[in-house]
Amino acid sequence: VGVFSLDGIVRFYRPNEKGLGSLSATNLTYSDISLEAPVKRIQTIMADLKHKKIDYLKIDIEGAEHGVIQDMLFSGIEPDQLGVEFDMPTPPWVVEKTIRGLLLAGYEIVAIWGLNCLFAKTDVIDSARG
């Protein structure tokens with residue numbers, strides 16, 4: 001099952017060039033080749049697994065990260081730490097909006113490497129510092 005901002009079936013697009021990347025529900029490479037697959041919201045997956053909390057969540061979902069993060073925060077799901085790969089091409093204001101949302105939810109940026117960011121809740125950082 002894929003992770004997405006809704007429960008249902010979503011069309012995933014294959015990269016135009018072989019070996020270029022993974023399937024993308026946002027069609028990052030403007031491909032005509034696709035398939036449909038089931039997806040679930042993080043909230044639904046947590047309920048299915050009877051999880052109440054997430055300590056660390058890594059999101060590398062080929063352009064769908066913005067909707068998933070928005071849905072996650074709207075649902076009150078705030079992992080202690082969140083690793084996100086921001087896939088391109090995405091307009092910079094979309095990335096900025098997502099990062100602002102995380103900062104407003106009490107996250108701090110801990111590390112950045114390339115298109116990857118590690119966020120941690122401020123209270124988790126404070127308790128680690130002692």
Checklist line | salt bridge (Lys or Arg N to Asp or Glu O under 4.0 Å) partners of Asp7, counting only residues at least two apart | finding: none
Margin query: Can you confirm whether more than 12 heavy atoms, excluding those of Lys97, are under 6.0 Å from its NZ atom?
Written below: no
Note to self: Any non-hydrogen side-chain atom of Val10 less than 4.5 Å from a side-chain atom of Glu36?
What the structure shows: no
Next item on the list: Test side-chain contact (heavy atoms from CB on, under 4.5 Å) on Lys52 and Met46 and set out the steps.
Entry: CA-CA 7 Å; Lys52 301 288 183 213; Met46 288 178 67; 5.8 Å; no
Checklist line | Beyond-backbone contact of Ile69 with Val84, side-chain heavy atoms, under 4.5 angstrom | finding: yes
Margin query: Which heavy atom of Ser5 sits nearest to which heavy atom of Gly67, and what is that distance?
Written below: CB-O, 3.5 Å
Margin query: Does anything in residues 52-71 form a ring-ring contact (aromatic ring centres under 6.0 Å, His included)? List the pairs, not counting sequence neighbours.
Written below: His66-Phe86
Check: Within a strict 4.5 Å, meaning less than it, do heavy atoms of the Leu82 and Lys58 side chains meet?
Finding: no
Next item on the list: May I ask you to test the Ile59-Val68 pair for a side-chain heavy-atom distance under 4.5 Å?
Entry: yes
Notebook entry, point to check: Does Glu65 use its side chain to pair, donor to acceptor, with the backbone of Asp87 at less than 3.5 Å?
Noted result: yes
Check: Do the non-hydrogen side-chain atoms of Tyr13 and Leu35 ever get within less than 4.5 Å of each other?
Finding: no
Checklist line | Residue list, salt bridge (Lys or Arg N to Asp or Glu O under 4.0 Å) with Asp32, at least two apart or on another chain | finding: none
Next item on the list: Enumerate the residue pairs fulfilling salt bridge (charged side-chain N to carboxylate O under 4.0 Å, His left out) with a member in residues 39-49, sequence neighbours excluded, ordered by first and then second residue.
Entry: Lys40-Asp48, Arg41-Asp71
Note to self: Less than 4.5 Å apart, side chain to side chain, heavy atoms only: is that true for Leu57 and Ile42?
What the structure shows: yes
Item checked: Non-hydrogen side-chain atoms of Met72 and Glu78 separated by less than 4.5 Å -> no
Item checked: Partner set under ring-ring contact (aromatic ring centres under 6.0 Å, His included) for Phe12, not counting sequence neighbours -> none
Next item on the list: In sequence, state the C-alpha distance, the side-chain angles, and the governing distance for Lys53 and Asp80, and then conclude on side-chain contact (heavy atoms from CB on, under 4.5 Å).
Entry: CA-CA 9 Å; Lys53 182 178 183 296; Asp80 290 343; 2.6 Å; yes
Item checked: Heavy-atom pair of closest approach, residues Ile61 and Val3 -> CD1-O, 4.2 Å
Next item on the list: Any chance you could measure Thr44, atom OG1, to Phe4, atom CZ, to the nearest 0.5 Å?
Entry: 13.0 Å
Which atom pairs, one a donor and one an acceptor, fall under 3.5 Å between side chains of residues 103-118 and the rest of the protein, sequence neighbours left out?
{"unit_1": "Tyr107", "atom_1": "OH", "unit_2": "Pro79", "atom_2": "O", "d": "2.6"}
{"unit_1": "Glu108", "atom_1": "OE2", "unit_2": "Thr122", "atom_2": "OG1", "d": "3.3"}
{"unit_1": "Asn116", "atom_1": "ND2", "unit_2": "Trp113", "atom_2": "O", "d": "3.4"}

